[in-house]
2 protein chains.
Amino acid sequence: MAPSLANVQRRTNADDVFDFLHDRIVSLKLLPGTRISEVEIARQFGVSRQPVREAFIRLANIDLLLVRPQRATEIRRFSSEKIKRSRFIRMAVECEILRRACRNATSLHHRRLNRDLESQSRAIRNRDVKRFHALDYDFHRHLCDAGDSAYMFSTIAENKALVDRLCVLSLAEPAAMDELYDDHRRIVDELENRDEASLIAAITEHLSRLDSVIAGIRKSHADFFED
Amino acid sequence: MAPSLANVQRRTNADDVFDFLHDRIVSLKLLPGTRISEVEIARQFGVSRQPVREAFIRLANIDLLLVRPQRATEIRRFSSEKIKRSRFIRMAVECEILRRACRNATSLHHRRLNRDLESQSRAIRNRDVKRFHALDYDFHRHLCDAGDSAYMFSTIAENKALVDRLCVLSLAEPAAMDELYDDHRRIVDELENRDEASLIAAITEHLSRLDSVIAGIRKSHADFFED
DNA sequence: TTGTGTATACTTGTATACTAGTATTGCACA
DNA sequence: TGTGCAATACTAGTATACAAGTATACACAA
C-alpha cells in the first residue's frame, strides 16, 4: 500500500551522507580512530559542507563520531563502559521478556519459534552465515512477540547491533552457528516446559557467550577502544 | 581540582541554544505541539541560524523536536510507545540491579541506604518536595552501587527523567512522598533480609505506581500525545 | 642532531544569502 | 455568505565566505 504523501519524509543530502557514513562506520570499513573532515566528505559527495555538517552532528549524537572544534573529526573508539551498559540492558530486558513469555506464550508462538529453529538448521546445513544472522534477529523478535513485548524488539536490536559491530573485528561468528542453534533449541524447550528458572539460565548462558569474545577483542584490538 | 585544559570542551553558541531549549522543553515551559522556528530563536539569542540549526538537529535526535522541511518545527508530543518502552527498560534493569544487590550488598551499602531513608524522612517532615525528588535519585543511585552496577545509573536516570517530565503535567507528585518513602523502606528491608522474591515484588509495585498516573495524564492531556 | 619557534595549512563554528516547499491570508466570484 | 484560487509570508535545506583554533612542517640555533 502506497504511503500517504503527507507521511513521506523527503530525503535530504544530509540523509544520504548520514546513511553512507553510518554504514561504513558500523561495518568497520571506517575504523575507530580514522579521521575525516567536512570538506573531504563534501567534495566526495559533490555537496556543500552544510549537509555534511548535519550528518556529522547526527552521527556524533549516537556516539559514532567525535567532533571537536578546529580538529579533524574522528570515528569514535569503542567504549568499554558503553558496551558493558548495553550488555546489561540486553540481558535484563531479554530476561524480563522471557519471564513474560513463560507466562503468556501460546501454541501459535511455540509453533513459530519451532519453525524458526528449522530455518536456522537449514541455514547451518547450507553454511549460510548471513542468512543465519538474519534468522537470529527474527528469532529474538519472535521471542519478544511471545512475551507480548513486540515494542521492545527495537531495544534488543539496537543493543545487539552495537555488539555485532564489535564482532566484525574478530571476523568470525562470536560462537559457532551450532552453539547458537543449541542455545536457541534449549530456550524454546524450556519455554515450552514453562520452566522459568531453566529458561532464565538458558538465556543468561546464551547471552554470556559473547563476554569472553568481547574480552578477547578488547585485548587484540586495544587501540580501537577508549580507555 | 582544575580540569586539564586538553579535556575542557569549548562551549559553542549551539550548546547554549541546546541547553536553553532542552530545559524549557523538559520542564514543559514549551508545551508539546508548540511551534518554534530557527529564525525566531536565532533572533532571540542574537546569533545566526546555523548554531540554532545544530541545536535543533540535536534536540530532534533525542525526540524532543519534530523538524520537517519548510514547516515550522514542533515540540514533539509524548509517544505512548516510547514511554511504554522506557518503563519496560526501567523495570527490567532495576529488577536485575536489585537481584545483584540481593547477592552482593554489604553492610556499608545497607548503612548508606538507611541514611538515605533518614534524609527522605526529614524532607517529608519539611514538606520539601524538591529535596525529596533529589533524594529519590540518590536512593536509586545507591541501589545501583549496592548491585555493583554504578555504570547503569545513567540508564535509570535517563528513563526516570522521561517520566518525570510527563508527571509535571499533573502538577502533583505521582504518589505522595509518604507512599514513596514506604516503598523505599520496604525495598531496603527486603534487601537486608536478602529475600529476592519479596524484593522483586517490592520494586515492581513501587515502579508500577506510575502506571495509573501516566494513564490518567494520557486521558486528561490527550492532545500532548502522539497517537 | 635535537629542540624550539614560527609560519602555514588544516579543521570546525558561524554569518549571510539564496532556493524551494508549505501554510496562511486575502480577494474575487458565484 | 461561502468557496476557490492566487499571492504572499513563512519555513527549512543548502551554498559560500569568513573567523578562529589546532596541528604540522620547516628553519634556525645550540
Side-chain donor-acceptor contact under 3.5 Å, A:R10 with B:Q70: yes
Salt-bridged, A:R131 to A:D136, with N to O below 4.0 Å? no
Can we say B:K82 and B:E226 salt-bridge, meaning some charged N sits less than 4.0 Å from an Asp/Glu carboxylate O? no
Within 45° of the ring axis of A:F224 and under 6.0 Å from its six-membered ring centre, is that where the NZ or CZ of A:R77 lies? no
Contact list please: residues 58-66 of chain A against DNA chain D, heavy atoms, distance less than 4.0 Å, in numerical order. none
B:R99 and B:E96 ion-paired at < 4.0 Å: yes
Give the minimum heavy-atom separation between B:I97 and B:L143, together with the two atoms involved. CG2-O, 3.5 Å
Each nucleotide of nucleotides 11-18 of chain D classed B (base within 4.0 Å of a protein heavy atom), S (only sugar-phosphate) or -, in 5' to 3' order, makes BBBBBBB-
Hey, are B:D211 and B:R87 close enough for a salt bridge, meaning a charged N less than 4.0 Å from a carboxylate O? yes
Answer with yes or no whether the side chains of B:S119 and B:D116 bring together a donor and an acceptor at under 3.5 Å. no
Between atom CZ in B:R35 and atom C1' in C:dT22, what is the gap in whole Å? 11 Å
N-O pairing of A:R209 and A:D183 below 4.0 Å: yes
Residues from residues 17-24 of chain B sitting under 4.0 Å of DNA chain C, heavy atoms only? none
Is A:D138 salt-bridged to A:R112, going by a charged N under 4.0 Å from an acidic O? no
